[in-house]
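A quick note: this is a predicted structure, and the numbers were derived from the prediction, not measured.
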Amino acid sequence: CIFLDGLDEVSREDGPFKLLRLIDELRSISGVKLCVASRPEPILRSHLENNPHLLMQDITEPDIRNYGAEGVFLWVVLVLNNLQRGLHNGDSWAELERRLNLMPTDLSRLYSDMWSRLKDDEVIYRRTAALKLSLTLSFYEHYSSSSAVDTRKRLSILQLTIASDSSIQFDSDTLPSLSTELAEKCERTVRDLETRCAGLLTV
């Protein structure tokens, strides 16, 4: 069994397509099993989504809800991913502890590191990402200021799509075709979150 972690961290020179060709070659070898881990980058996900898989957030969400507050949940997720990578690499307890100690405690540095993963696409996607992040923050600031705060309240893809697209009009002339248009625009919003927000917003 071969374990491959951090597929999304492949170097710019090699790129994801070369990596996926290697994975396909390994899969074709009789008796070889593969276990891979990655953030849900669109290219990687579309190539691998038909294989058995699990989402780490489904496993870690209860712990994150118990211990997370004021942005700490994101730090917890990154720590867990880092430690998981260490376990896959066969790290000793001392090495795992060193990994933990090296994690940035400054959330602004952590966000900068995540944003830098966009590399050359950062300039192109900055405007879209800024809009999505601003709308999301405004949504939660509004509900956090309410006297009856529902901590389970979440911004839906439909709400984010409508808020970020001024071309969507609700009137008698557009209603017949609106459902199809909204479905397509919601799909686009999901793709934007996956490709343009560097993991700072997830579905």
Side-chain angles (χ1 to χ4, degrees), residues 1-122 125 129 133 136 154 190-191 193-203:
C1 186
I2 300 175
F3 292 88
L4 297 176
D5 192 17
L7 301 187
D8 57 296
E9 297 176 10
V10 64
S11 68
R12 187 180 307 176
E13 292 75 19
D14 292 326
F17 296 108
K18 185 175 180 180
L19 174 62
L20 289 170
R21 283 196 299 271
L22 172 61
I23 290 175
D24 288 340
E25 290 174 7
L26 292 171
R27 292 171 60 191
S28 67
I29 300 174
S30 177
V32 171
K33 294 183 178 181
L34 284 176
C35 179
V36 301
S38 173
R39 290 184 178 88
E41 298 289 345
I43 294 174
L44 300 174
R45 190 175 69 176
S46 64
H47 191 86
L48 301 170
E49 63 184 357
N50 292 327
N51 297 283
H53 61 275
L54 57 84
L55 300 176
M56 283 302 298
Q57 58 264 37
D58 291 343
I59 299 172
T60 58
E61 184 176 8
D63 290 331
I64 293 170
R65 288 192 178 278
N66 286 335
Y67 299 108
E70 299 180 359
V72 177
F73 74 93
L74 182 56
W75 187 87
V76 172
V77 170
L78 293 180
V79 168
L80 291 174
N81 288 342
N82 196 359
L83 292 177
Q84 182 191 30
R85 185 159 57 249
L87 290 171
H88 283 170
N89 294 342
D91 287 3
S92 65
W93 282 111
E95 288 169 328
L96 290 173
E97 185 176 4
R98 177 167 171 75
R99 280 179 178 272
L100 185 59
N101 292 334
L102 288 175
M103 286 295 296
T105 56
D106 183 347
L107 286 179
S108 63
R109 282 176 51 208
L110 183 149
Y111 296 147
S112 296
D113 178 69
M114 295 177 68
W115 185 248
S116 69
R117 292 178 180 273
L118 288 178
K119 302 183 175 96
D120 296 338
D121 293 333
E122 184 268 334
Y125 294 157
L133 287 164
T136 302
R154 294 186 178 184
V190 171
R191 289 197 299 273
L193 294 181
E194 293 173 344
T195 59
R196 291 159 170 75
C197 295
L200 296 173
L201 286 178
T202 58
V203 178

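- From N89, atom CG reaches atom CD of Q84 across 10.5 Å, with rounding to the nearest 0.5 Å.
- Here the side chains of H47 and L7 are not in contact, with every heavy-atom distance at 4.5 Å or above.
- Counting heavy atoms from C-beta outward, R21 and F17 have side chains that approach closer than 4.5 Å.
- Residues V36 and N51 form no side-chain contact, since every pair of their non-hydrogen atoms from C-beta on lies 4.5 Å or further apart.
- Ion pairing between D24 and R27 holds under the 4.0 Å rule for side-chain N and carboxylate O.
- If you take SG on C35 and CG on L4, they are separated by 8.5 Å, rounding to the nearest 0.5 Å.
- Rounding to the nearest 0.5 angstrom, the gap separating the CZ atom in R99 from the CZ atom in R85 is 5.5 Å.
- Considering only heavy atoms from C-beta on, E13 stays 4.5 Å or farther from K18 through its side chain.
- The heavy-atom pair separating A37 from D5 by the smallest distance is CB-OD1, 3.0 Å.
- Looking only at side-chain heavy atoms (C-beta outward), L26 and I29 come within less than 4.5 Å of each other.
- Between the NE2 atom of H88 and the CG atom of L83 there is a distance of 11.5 Å, given to the nearest 0.5 Å.
- With hydrogens and angles ignored, the 3.5 Å screen pairs a side-chain donor or acceptor of E95 with a backbone N or O of S92.
- No side-chain heavy atom of L48 sits less than 4.5 Å from a side-chain heavy atom of H53.
- Atom CZ of R98 is surrounded by 12 or fewer heavy atoms from other residues, nucleotides or ligands within 6.0 Å.
- To the nearest 0.5 angstrom, L44 atom CG is 6.5 Å from L19 atom CG.
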